[in-house]
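Below you'll find the structure, written out as structure tokens, and then a few comments.
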Amino acid sequence: MKLHEIQSSSQLDLAELERPALEAALRERGYESFRARQLFAWIYRRGVTDVDAMSDLPRDLRASVARDFRLTTPAIVSRERSSDGTEKFLLRLADGRQIESVFIPDTPSMTFCISTQVGCAMACAFCLTGKMGLVRNLTAGEIAGQVRVLAHAVDLHDRAFNVVLMGMGEPLHNYDATMKALRILADEHGFALPARRVTLSTVGLLPALERLAHEPVMPNLAISLHAPSDALRGELVPLNKKYGVAEIIAACKRFPLRKRSRITFEYVLLAGVNDSPADARLLAKLVAPVKSKVNLIPLNAAPGIPFERPSDEAIDRFAKIVADCGVTVSVRKSRGRDIRAACGQLIVEGQRKSPAQQLAVML
Ligand code: SAH
């Protein structure tokens with residue numbers, strides 16, 4: 001008996017249930033709550049979706065699960081492997097929409113880069129996903145489901161891995177589903193993914209950032225800064241007109257951090273736009289008061305993106321100035337560029353779009 005994708009709407013979707021909710025649903029059906037722990041282990045740890053294969057569940061429970069529950073799982077449409085080992089997955093959701101997720105097999109740490117929305121509303125000037133506009137939010141089950149599918153596909157069930165919320169979408173613009181997905185992934189009977197292995201990257205939606213500061217379990221934080229002044233950042237990140245640089249830095253100073261943990265400031269380097277020595281000095285001055293590090297991301301160029309990647313010399317010079325100011329700085333290795341899996345290159349063509357969105361994609 002396979003747990004089907006779409007059966008009847010009265011069925012509960014296991015993919016969307018946190019363990020306490022599954023325990024309650026099983027109790028209502030007369031089963032003890034430890035059965036939920038067993039189901040979580042099968043679904044998340046072992047990637048099993050066939051109830052009949054869940055050998056430690058009694059026969060009547062298996063029948064009840066097959067009748068009353070479904071398990072919605074993103075389907076792999078295609079899988080592309082980069083020369084550097086990075087793999088990009090195109091996944092189809094239950095409503096036919098598509099998203100991309102990336103596996104980055106860097107030893108010793110393996111990383112899944114997952115999406116939180118179909119498209120994105122933030123429209124950052126250099127990001128391909130931003131050209132799509134927001135199509136819809138992902139559900140918690142769809143967010144956590146990407147890890148389920150990828151972990152199974154690359155056979156990583158028994159290994160430690162990291163998750164970065166740096167795929168398509170702005171995680172803080174889909175706050176509740178994102179946090180629920182992180183709770184599902186953190187469940188000790190499922191993936192047991194610790195918060196310190198998760199990095200949430202955001203363009204700086206301040207009210208949601210303040211909310212995040214009060215979460216009981218908090219991921220590592222990366223802030224997409226990209227410019228040291230409002231004048232420049234406003235041109236690159238439209239949201240800056242609402243929440244400016246000073247406010248973001250102030251929120252970062254207040255943000256509670258674990259011991260040894262630091263906020264990462266991401267900075268996409270665009271030739272002749274934000275890569276001058278003066279920008280580097282301003283950036284260092286701006287972030288120095290925050291317990292932080294800077295991660296420089298040389299632009300991943302793409303057709304339709306009206307910017308260029310700086311030369312290696314310009315990148316090194318920028319990094320050196322920031323470092324000389326006493327700020328920890330690294331340059332992000334670009335992974336999977338040959339298959340368009342690198343930062344800001346995730347876009348799904350061929351989805352139904354508004355004429356304006358279609359135009360944006362063609363530009
Ligand atoms: N919405 C989140 C996650 C985005 S993707 C955020 O904005 O942080 C993760 C990083 O890739 C962000 O810092 C984003 O600005 C960056 N990025 C987007 N387009 C890029 C491109 N073309 N080249 C390099 N990095 C890019």
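Quick note: residue numbers are just sequence positions, from 1. Remember, it's 1-based here, ligands and their atoms both numbered in the order they're listed.
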I'd like to check which ligand 1 atoms, numbered from 1 as shown, lie under 4.0 Å from a non-hydrogen atom of [X].
| X | value |
| --- | --- |
| Cys127 | 18 (C), 19 (N) |
| Ser224 | 6 (C), 7 (O), 8 (O), 12 (C), 13 (O), 15 (O) |
| Gly169 | 1 (N), 2 (C), 3 (C) |
| Leu299 | 21 (C), 22 (N), 23 (N) |

Please work out, at 4.0 Å between heavy atoms, whether the side chain, the backbone, both, or neither of [X] comes within that distance of ligand 1.
| X | value |
| --- | --- |
| Met122 | neither |
| Asn300 | both |
| Met166 | both |
| Thr202 | backbone |

Query - Within-shell test, Ile305 vs ligand 1, heavy atom, strictly < 4.0 Å - result: no

Requested in this report: State whether a side-chain donor-acceptor pair under 3.5 Å links Thr116 with Asn174.
Outcome: no

[atom]: the protein heavy-atom neighbour that sits closest, reported with distance to 0.1 Å:
| atom | value |
| --- | --- |
| atom 19 (N) of ligand 1 | Gly344 CA, 3.0 Å |
| atom 2 (C) of ligand 1 | Ser201 O, 3.2 Å |
| atom 10 (C) of ligand 1 | Glu266 OE2, 3.7 Å |
| atom 25 (N) of ligand 1 | Cys343 CB, 3.4 Å |
| atom 15 (O) of ligand 1 | His226 NE2, 2.8 Å |

**Report entry** Phe103-Phe89 aromatic ring centre distance below 6.0 Å
**Finding:**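 No: the rings miss the under 6.0 Å criterion.
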
Decide, yes or no, whether a salt bridge links [X] with [Y] under the criterion of side-chain N to carboxylate O below 4.0 Å.
| X | Y | value |
| --- | --- | --- |
| Asp324 | Lys320 | yes |
| Arg136 | Glu142 | yes |
| Arg254 | Glu210 | yes |
| Asp275 | Arg309 | no |
| Glu23 | Arg35 | no |

Query raised in the report: Distance from Ile184 atom CD1 to Leu14 atom CG, nearest 0.5 Å?
Result: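 With rounding to 0.5 Å, CD1 (Ile184) is 10.5 Å from CG (Leu14).
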
Report task. Ignoring angles and geometry beyond distance, decide whether Val268 reaches within less than 3.5 Å of ligand 1 through its nitrogen or oxygen atoms. Result ->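 No.
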
Report task. Take atom NE2 of His189 as the centre, draw a 6.0 Å sphere, and report whether it contains more than 12 heavy atoms from other residues, nucleotides or ligands. Result ->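 More than 12 heavy atoms, drawn from other residues, nucleotides or ligands, come within 6.0 Å of this atom.
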
Query - Aromatic plane relationship, Phe191 with Tyr44 - under 30° parallel, 30 to 60° tilted, over 60° perpendicular - result: perpendicular

